[in-house]
Amino acid sequence: MCGIVGFTGKQQAAPLLLEGLKRLEYRGYDSAGIAVIGDAGIAVEKVSGRIDNLCEKTDNGKAIFGTTGIGHTRWATHGAPTDLNAHPHLSNDGRFAVVHNGIIENYAVLREELKAKGYRFLSETDTEVVVHLVEMFYDGDLKSAVLKTVSRLEGSYALGILCTDQPDTLFVAREHSPLILGVGVGENYFASDVTALVSYTKNAIYMDDGEIAELTPQGITVYDCRGREVEKPVSRITWDVEAAEKGGYDHFMLKEIMEQPQAVQAALTPRIRGKDIVLDDFELTAEDLRNIDKIVITACGSAYYAGCAGKYAIEEFCRIPVSVELASELRYGNPIIDEHTLLIVVSQSGETADTIAALKECQRLGAKSVAIVNVVGSTIAKLADHTLYTWAGPEIAVATTKGYTTQLAVLYLFALYAARKLGRLEDAAYEALLDEVLSLPQKMQQAIDKNHALPALAKKIHTFHSLFFIGRNTDWAVALEAALKMKEISYIHAESYAAGELKHGTIALIDEGQSVIAVCCNERLLDKTVSNILEMKARGAKVIAVAFQGERRVIAQADDIISIPHIEPIFSPALAVVPLQLLAYYVARENGCDIDKPKNLAKSVTVE
Ligand code: F6R
């Protein structure tokens, strides 16, 4: 997804902008550019492809002079990833430059209007209308031109704007797209993502929708949509540079897989007081919970699969019906939701466009909402009635790992919390289950430490064109996530199936040598899954099984075993997924894939 950065101060801007853009690389992009105000006006450099190309073109920024500038990484939506379509875009008179994240939905109408007034368009982007609007509205008052411009825009945007008449000023604007201001000493910054700011400042202002801001080296002023000054709190960023860097691992994804025991610990421990679970800044009373007749979990991708696994725990302990809905479907699905629905929104980034839209739609229909989110101050965290942060720290690799397992940890806590409030779990059962959840970090560490054979197993399967992941109930939820991990980073077709469904069609694809990965941690259904393994083997498939250590029924049948420590099966997805993330990682490494930035994918999907 696109990323934006801006700087104004006394230092040369271009090297800082390039550095900031590099920190946004993980979001996925296909072109990049910077614009800096110098003595001769605005200098713009942009390239399709990697930021390294931009560094080469500008001698790492040293070839561009000026202390105020903006930068952009583009992930193409309107128009191909070419140099011309890359941002920043310049006004026809060369006095203004703009970078933009998001989508201007009414750009076609605006484009026609501006063309009729004589403005020339050089790109196919939706963004270019913005810079021409600023030029059109400018009469010497940049703030007023920005306010008039944003009043004409529909859609989502985080904008960074330069004007040669105010060479040390940046203007920014936000609507439905993340934008954070970095507060420095004698210099100030903006970025679409905190990771681009952490090495320069730990003090941040989180902009809200409808706000614009003016940044100079001396200060930051935020205004509402009518131009009135708004007092904004300065928050402290708790992530450090180290947390946003690789820390000795070859890839962010591997680092993040290895960090999961600590990340899950961080999600769990602060919420435990003795034997009680304490939600962060809110409480759901027994009466609140009795007023709920169903829970809807909505999310996209892996966060949706976390919801699929969490559903089993909530239904089992609370006996409240739970439906898990893809946000992209729910938002247009005319859902049956009212004030008796509790909506749980799950999102690592807190910025996923479909998830935001589904949340808004359900809120409109009266649902109460709880968000499970990693990124503090993100749009979903702000919109939801209540937020439970996963506290996983920055997740840089595009494929989520610790984001997913910390979502599960929070969902499990929520299930136990709600069940206890409702009086649906005896104290002894509740305490035993809580102990099991709290054992997750230690057992995850064991699951990492004990599975030395995964790189060798990856060598056995990395040339396959297709893999099947099967399981029942909670094991199926794991199969869904494990198959997604495999396909997105190794580009091997991977399909997950509820094991009981195989006979209804998919078994036709099982042939001699086909590889099947069977998740076998749901003890109650194990005999059934083992029968499915036998059916696969009878047709010549090789089976890799994930099972609890020493589980003889599985060891006797599988060709290869990945074992994990025993845990209450309903919580096993958070454990069983760990070696499968590693397996996907090693397969992708064997195949020489760009693991942290898989092709066609972006970290934060801020467009529909
Ligand atoms: C897969 C992956 C994606 C995200 C999905 C939702 O590894 O990372 O499927 O889970 O795009 O993103 P968030 O959680 O940020 O809403």
Side-chain angles (χ1 to χ4, degrees), residues 1 3 26-28 75 176-178 192-195 251-254 256-257 260 263 267 297-310 324-331 343-359 371-384 387-390 392-408 410-411 469 477-478 480-491 494 496 577-578 580-585 588 593-608:
M1 260 340 80
Y26 75 92
R27 294 167 65 98
W75 192 78
H176 306 314
S177 193
S192 49
D193 192 316
V194 112
T195 45
H251 295 94
F252 281 112
M253 184 174 176
L254 187 57
E256 287 157 10
I257 291 173
Q260 289 180 107
I297 302 179
T298 194
C300 299
S302 294
Y304 167 78
Y305 294 144
C308 294
V324 192
E325 307 289 339
L326 288 165
S328 52
E329 290 293 319
L330 184 67
R331 65 181 291 189
L343 181 77
I344 301 182
V345 189
V346 188
S347 175
Q348 188 282 130
S349 63
E351 301 295 348
T352 303
D354 281 323
T355 312
I356 293 170
L359 166 60
I372 297 178
V373 167
N374 189 33
V375 178
V376 175
S378 57
T379 304
I380 290 175
K382 284 181 178 168
L383 280 175
T387 298
L388 290 169
Y389 284 112
T390 53
E395 194 178 59
I396 309 291
V398 166
T400 185
T401 51
K402 62 176 181 170
Y404 167 85
T405 44
T406 51
Q407 286 161 358
L408 284 180
V410 174
L411 282 163
F469 288 76
V478 179
L480 289 163
E481 170 59 7
L484 179 62
K485 285 286 92 81
M486 184 63 79
K487 61 188 142 191
E488 66 183 333
I489 63 165
S490 75
Y491 315 143
S496 51
V577 79
V578 175
L580 293 174
Q581 295 166 339
L582 281 167
L583 184 65
Y585 172 82
C593 300
D594 191 354
I595 296 180
D596 286 335
K597 287 173 242 137
K599 66 176 187 226
N600 305 334
L601 293 181
K603 180 67 184 163
S604 174
V605 186
T606 50
V607 292
E608 210 181 319

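These numbers were taken from a predicted model, which means no experiment stands behind them. Atoms within each ligand, like the ligands themselves, are counted from 1 in listed order.
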Mark yes or no for whether [X], through its side chain, and [Y], through its backbone, hold a donor-acceptor pair below 3.5 Å.
X      : Y      : answer
Glu256 : Ile396 : yes
Ser490 : Lys487 : no
Lys402 : Ala263 : no
Glu395 : Gly403 : yes

Could you check Thr390, Asn374, Thr406 and say which one makes a side-chain hydrogen bond (donor to acceptor under 3.5 Å, both in side chains) with Gln348?
-> Asn374
Distance-only N or O hit between ligand 1 and Thr400, under 3.5 Å = yes
In the protein, what heavy atom is nearest to [atom], and what distance, to one decimal place, separates them?
atom                    : value
atom 12 (O) of ligand 1 : Thr352 OG1, 3.5 Å
atom 14 (O) of ligand 1 : Gln348 N, 2.6 Å
atom 11 (O) of ligand 1 : Val605 CG2, 4.1 Å
atom 3 (C) of ligand 1  : Ser302 N, 4.0 Å
atom 5 (C) of ligand 1  : Cys300 O, 3.5 Å

Taking 4.0 angstrom as the limit and counting only heavy atoms of [X], give me the atoms of ligand 1 inside it, by number and element.
X      : answer
Ala303 : 10 (O), 14 (O)
Val398 : 8 (O)
Lys485 : 1 (C), 7 (O)
Ala399 : 7 (O)
Glu488 : 1 (C), 7 (O)
Ser349 : 13 (P), 15 (O), 16 (O)

Would you give the length of the straight line joining atom CG of Leu383 to atom NE2 of His176, rounded to the nearest 0.5 angstrom?
-> 8.5 Å
What residues, two or more places apart in sequence or in another chain, satisfy salt bridge (Lys or Arg N to Asp or Glu O under 4.0 Å) together with Glu608?
-> Arg331
Shortest non-hydrogen pair, Glu325 vs Thr298, comes out as O-OG1, 2.9 Å
